[in-house]
Protein chains: 2
Amino acid sequence: MPDTARTETPKAETTTFREVMAEIVARITEGPWGPGTLLPGEVELAEEFGVSRTTMNRALREVSDLGFLDRKRKAGTRVRMAPIRQARFEMPVVRSEIEKTGAEYRYALVSHEVVVAPDWLRLRMGLKARAKVVHLLCLHFADGVAFQLEDRWINASALPQALEQDFSEVGPNEWLVATVPFSEVEISFLAAAADAVMVAHLDHALGDPVFCVERATWWQNAAVTLVTLAHRRGYRMTTRY
Amino acid sequence: MPDTARTETPKAETTTFREVMAEIVARITEGPWGPGTLLPGEVELAEEFGVSRTTMNRALREVSDLGFLDRKRKAGTRVRMAPIRQARFEMPVVRSEIEKTGAEYRYALVSHEVVVAPDWLRLRMGLKARAKVVHLLCLHFADGVAFQLEDRWINASALPQALEQDFSEVGPNEWLVATVPFSEVEISFLAAAADAVMVAHLDHALGDPVFCVERATWWQNAAVTLVTLAHRRGYRMTTRY
DNA sequence: ATGTTTATTATGTCTACACATAAGGAGTCG
DNA sequence: CGACTCCTTATGTGTAGACATAATAAACAT
């Protein structure tokens, strides 16, 4: 039985749940536990690995969280048929995303107006008739090149402070996360055709495919903000594991 | 102190870690624990909630996994300034994605060839010169309407069985997940302009923005497969929490 | 044969305790 | 004053044991 503990630290005499996890994942991806296999029970496995059931439970639970296993009471633990079923994207604030690449971050406010919400927005955010909204257009630069165009609407009824806020220095996103909590978020990824506004500020021609992220946020059943983030040419959102 | 346990089940006399979690999240998003707050230690909190430190630890760890808290030994537990907005997308097999909406699923093989890998693919997948690959074009229909166009390359050196497989009935994705394990996956989301192939099979005009998912899979440092999934007009990938 | 109840069993989770480990902070020494 | 060491402390994780719960399977009744 080679390779029973592959991340073994020499000092440790006890087996950690991480070591157990590694071995379980290895047995699934490279070893005898192919898709659909029913694993032995926790007690039996704990005995085999020389750990307590608590530790084995933790290991199995975390591997399950990774998407490899399917656990049901009484039914037991089974290897998922299609192991990779979830992609997890960390969506940092733009600033950190840019600074992490070593580039210099710069923010600019393009336009700022308070208007009555147009019909499509009222529907989308569930606003009352003639509700006032703050509408912002902002740019985020990486090393002087436009990286992301932020088109944001803020519900002034739910967040009257937004009316007095000056967004010329601090971006609305950073202001919002520091100001208002949220209870529900909806995120969509989509491909859109570049419109005149995007063409004016990003490196796009009219009609070019643009990768957009749309995020709507609620707090206590009231819509707070809706934002569309249009990205520069060729942008990809990537995750690896 | 209203609302101390909001998901309380009447039967239970003991407080579960889920109830503790709910209260912690509530205190962060609606209550006194604003961004940057340093929480009391585990022992103190456990006492306040009337649970063991183990349970409190579990609750705090899970809330931390949700992206609300930042935990460091000795430093303590602190509320994140900007909660990590992480988008977790379940990426089911197309079949289930379509059938879940109640639509009828149909699969069709468009083309199937064995060729020498073109240069860009050799670079992308890290193949040897003149390496043979299986190239497939497949369509996935929802209620008779083309939903997704699958453009797949399979490394025949790593997976010779693919050469003899007939993909006319069973899609390559379903065949692969049942056949080959994997050790590493890279997923990208991007917006592309519709090319002639997409126009021919999906409801797009030439140059239209198309939402694409690209997925590359390795097994033991050898590239197994690279696939691009082009979606029908107006497709969005959405997650809510 | 079919529907209902009951027993069994694997996972889910709580408790109490112990030791490990990282990191902040105090104290010490040059 | 700065660099180093050591102590303290909050979280990280392991153990053993107990009860809870969901879901299957077997036994039973219709």
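This one's a predicted model, so the numbers in the text were calculated from it and none came from an experiment. Reminder, nothing fancy here: chain letters follow the sequence lines and each chain counts from 1.
For A:Glu62, the side-chain hydrogen bond (donor to acceptor under 3.5 Å, both in side chains) test picks out A:Arg58, with sequence neighbours left out. Legend: residues meeting side-chain hydrogen bond (donor to acceptor under 3.5 Å, both in side chains) with A:Gln148, ordered by chain and number and at least two apart, are A:His231. For B:Ser52, the side-chain hydrogen bond (donor to acceptor under 3.5 Å, both in side chains) partners are B:Thr55, not counting sequence neighbours. Applying the side-chain hydrogen bond (donor to acceptor under 3.5 Å, both in side chains) rule to A:Arg53 yields the partners A:Glu42; only residues at least two apart in sequence or on another chain are considered.
What separates NZ of B:Lys72 from C1' of C:dG24 is a distance of 10 Å, to the nearest Å. The CZ atom of A:Arg71 sits 15 Å away from the C1' atom of D:dA23 (whole-angstrom rounding). Rounded to whole Å, the distance from CG on B:Asp65 to P on D:dT11 is 15 Å. Rounded to an integer number of Å, the gap from CE of B:Met21 to P of C:dT13 is 11 Å. We find that CG of B:Leu69 is positioned 11 Å from P of D:dG12, with the value rounded to whole Å. Separating the CD atom of B:Glu19 from the P atom of C:dT13 is a distance of 12 Å, rounded to the nearest angstrom. Computed from coordinates, the B:Asp70 CG to D:dG12 P distance equals 10 Å when rounded to whole Å.
Taking 4.5 Å as the limit, some side-chain heavy atom of B:Asn173 sits within range of a side-chain heavy atom of B:Arg152. Inter-residue side-chain proximity for B:Thr29 and B:Phe68 is flagged as met; some heavy-atom pair is nearer than 4.5 Å.
Within 6.0 Å of CD on B:Glu99 lie more than 12 heavy atoms contributed by other residues, nucleotides or ligands. The local environment of CD in B:Glu186 is crowded, with over 12 non-hydrogen atoms from other residues, nucleotides or ligands closer than 6.0 Å.
Contact check of residues 53-63 of chain B against DNA chain D (heavy atom, cut-off under 4.0 Å) returns B:Arg53, B:Asn57.
Of the residues A:Phe211, A:Tyr235, A:Phe141, the one that meets the ring pair (Phe, Tyr, Trp, His ring centres under 6.0 Å) test with A:Phe147 is A:Tyr235.
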Contact list (N/O, under 3.5 angstrom) for nucleotides 5-9 of chain C vs protein:
unit_1: C:dT9; atom_1: O4'; unit_2: A:Lys74; atom_2: NZ; d: 3.4

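Contacts of B:Val43 with the nucleic acid, taken as non-hydrogen atoms under 4.0 Å apart, are absent.
The phosphate of D:dG12 (OP1 or OP2) has no side-chain N or O of A:Arg18 nearer than 4.0 angstrom.
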